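What follows is a single structure, written as structure tokens, with notes after it.
Computed from a predicted structure; not experimentally measured.
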Amino acid sequence: MTIALLAELQAIPQGVDYVRILPELVLSLFGIVIMFLDPLLDEEKTQKTLGLVALFGTFSALAATWYMSLPENYGLAFSNNVRVDAFSVFFHFLVIAIAAIVILTSFEYMKVQRIRAGEYYALILFSVVGMGLMSSAVELVLIFISLEISSISTYILAGFRRQEASSSESSLKYFLLGSFATAFFLYGVALIFGATGSTNIDLISHALQARPVGLLVYVAVALMLVGLGFKVAAAPLHVWTPDVYEGAPAPVVGFMSTAPKAAAFAVLLRIVFAVNAPGRFWPIWVAAALSMTLGNIGALVQNNVKRLLAYSSIAHAGYLLVAFAMTTSDNSVAGISAAMFYTAAYAAMNVGAFAVVSHFASAGERYVTLEDYEGLGRSSPLLAATLTIFLLSLIGIPMTGGFFAKFYVFSAALKANLMWLTLIGLVNSAIGAYYYLRIIVVMYMREARKEVPVAPVPIGLGFALGLSVLATIYLGVLPNRVLQYAQHSAQALLPQAPPNPASAAQLNSPGVNAGR
């Protein structure tokens, strides 16, 4: 009787529980406020007013994340479904910062494209709510719900250029294939519950250590990897990426290619390393090699800049997956920290690159081919120089975040004796340099096209580009602080002792889902 009463009292949310989801509460509140304000404002005022509300919402969420990151607020919440630690705080800061930059980028874009902005900004905030929960959830059912919150928002955002058939096609294709992939993940969750008796990541980890691993576990891990592989655009689950990126609004592509991927990689890190998922090595090895190779080869023949960067994102997913191929505890910390650093560096350079593309594309996104960029170095030297910095970082040139991102991943792979995978990565990096340099050559070594106008860079976009450039160079010049935090986060992610004797005892009761 006493034990049952204590269990009921523990299930009641406490004040600290709400602190541990404070960023999500703040973002949800601002999203709801935007939805209420949208019908009360005329169309011209929605563009900037609601954008500023959304921007203030992201700043408030960053402040809430800082408060949540105080040591006294670390721990489990809501019946052990959510964990706040250095790992979840890192990804909260990352996805919210990406959202802030995308919102700044969108001010001008929404005005030029003449798109009503209310639900657009609300959907970005609601999407980040799902991503934040994905990074802190330690319960697979909550991860699934969070994944759907994020995905549904991005499905709608992909089709926001309603007057363009390609945008509607982009949204529909993303929705259909994304729903199919999510079903794989959910089936994997069901099977892992059947094999271990829990959907709580900590308890699953201890169950797999305490008993022999059966065939059901291997099938469950494979299905979950398929679902998450789609979300990060890893080959052979990458075919949706070029078409969706081409049709979606350019700022949305910058958002989709960074924030949801970061959150999906956070989940993947928990499943691969916290659960110590068995049988993961060869699927990840093959996916990394295929993603690097097919992504770079596909990008070589592209003339559309958005499609080129889409194939580039597939290749970078492959580079990042190299860090997931670590199978021993000695190499796990290096692999986790390298993957976290890579997500941060890639977010800075890729969201900046798409910010330039969205500004240059003009109304209707007419100017998105390589020929349109001819002579940009003369017609808009500052814009061309900014894009060049991002492209050099994507190549992995020293003094940029992309260099250290690849360096940490490949050095960790070498220490883990992944010689062939490292060699494939290095060869693909050389191949990738060709199409990035091709854009730079077009900008600086061709005559400017008079029929392609270049509008002045507005203040909001200039601030967003400045932040992206600053982050890209900072991670390339002074990477130690971020890497040390990532290493600290990696230690927090690795399996710990069972949370309490009662939870440990539940491992022997397959019919009880201790994580719910």
Side-chain angles (χ1 to χ4, degrees), residues 158 169-170 173-174 176-178 180-181 184 222-248 253-254 256-258 260-262 264-265 268 272 280-325 339 342-343 345-346 349-350 353-354 368 370 391 393-396 402 405-406 409-410 413 418-439:
E169 178 190 353
S170 165
K173 189 173 293 186
Y174 192 24
L176 292 175
L177 294 176
F180 188 66
F184 277 93
L223 290 174
M224 286 191 286
L225 289 178
V226 168
L228 293 172
F230 174 89
K231 297 300 179 183
V232 301
L237 307 164
H238 67 289
V239 292
W240 61 275
T241 313
D243 292 338
V244 172
Y245 282 23
E246 183 180 11
V253 180
M256 289 167 49
S257 65
T258 51
K261 280 190 176 185
F265 274 121
L268 199 56
V272 168
R280 68 183 189 265
F281 176 75
W282 283 112
I284 288 176
W285 197 103
V286 172
L290 281 177
S291 299
M292 291 185 287
T293 305
L294 296 179
N296 283 311
I297 291 175
L300 287 175
V301 296
Q302 299 304 316
N303 191 48
N304 183 296
V305 174
K306 290 174 73 176
R307 290 184 68 89
L308 185 151
L309 291 175
Y311 279 104
S312 161
S313 73
I314 297 167
H316 281 277
Y319 300 136
L320 217 159
L321 281 174
V322 172
F324 286 79
Y342 203 113
T343 56
Y346 180 72
M349 55 195 176
N350 210 55
F354 274 107
V368 291
L370 282 175
L391 294 173
S393 185
L394 287 164
I395 294 172
K406 288 184 178 179
V409 165
F410 291 147
L418 299 173
M419 301 293 295
W420 281 106
L421 196 57
T422 305
L423 183 61
I424 293 171
L426 292 173
V427 171
N428 274 285
S429 294
I431 295 173
Y434 172 79
Y435 56 82
Y436 293 126
L437 291 174
R438 183 181 170 200
I439 301 175

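Residue pairs meeting the salt bridge (charged side-chain N to carboxylate O under 4.0 Å, His left out) criterion with at least one partner in residues 294-307, sequence neighbours excluded, are Asp243-Arg307, Glu246-Arg307, Lys306-Glu365.
A pairwise comparison of heavy atoms in Ile395 and Ala433 identifies CG2-CB, 3.9 Å as the closest pair. Annotation for Ala264 and Lys231: closest pair CB-CB, 3.9 Å, computed over non-hydrogen atoms. Contact between Pro283 and Leu225 at its shortest, heavy atoms only, is CB-CD1, 4.3 Å. When all heavy atoms of Met256 and Ala248 are compared, the closest pair comes out as SD-CB, 4.4 Å. Between Ala345 and Ala405, the closest heavy-atom pair is CB-CB, 3.9 Å. Nearest heavy-atom pair, Lys261 versus Ile314, reported as atom, atom and distance to 0.1 Å: NZ-N, 4.4 Å.
You'll find the side chain of Leu394 reaches within 4.5 Å of the side chain of Tyr346, heavy atoms only. Counting only heavy atoms from C-beta outward, the side chains of Leu418 and Phe281 approach each other to under 4.5 Å. A heavy-atom distance below 4.5 Å is found between the side chains of Tyr435 and Asn296. Proximity of Phe230 to Phe180: side-chain heavy atoms (C-beta onward) are nowhere separated by under 4.5 Å. Using a 4.5 Å heavy-atom threshold, the side chains of Thr241 and Ser313 count as touching. Between Phe324 and Arg280 there is no side-chain heavy-atom pair separated by less than 4.5 Å. Contact check for Ile439 versus Leu308: side-chain heavy atoms found under the 4.5 Å cut-off. At least one side-chain heavy atom of Leu321 sits less than 4.5 Å from a side-chain heavy atom of Leu268.
In this structure, CZ in Phe184 is found 13.0 Å from CG in Leu228, a value given to the nearest 0.5 Å. In this structure, CD in Gln302 is found 9.5 Å from CG in Leu370, a value given to the nearest 0.5 Å. Atom CG of Leu309 sits about 9.0 Å away from atom CG of Asn304, to the nearest 0.5 Å.
Using cut-offs of 30° and 60° on the angle between ring planes, the pair Tyr245 and Trp240 is perpendicular. Taking the six-membered ring for Trp and thresholds of 30 and 60 degrees, Tyr436 and His316 have ring planes inclined between 30 and 60 degrees apart.
Although no hydrogens or angles enter the test, the distance criterion places no donor-acceptor pair under 3.5 Å between the side chain of Lys406 and the main chain of Leu426.
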What donor-acceptor contacts under 3.5 angstrom involve side-chain atoms of residues 287-294, with partners at least two apart or in another chain?
from, atom 1, to, atom 2, distance (Å)
Ser291, OG, Ala235, N, 2.8
Ser291, OG, Ala287, O, 2.7
Thr293, OG1, Ala289, O, 2.8
Thr293, OG1, Asn428, ND2, 3.4

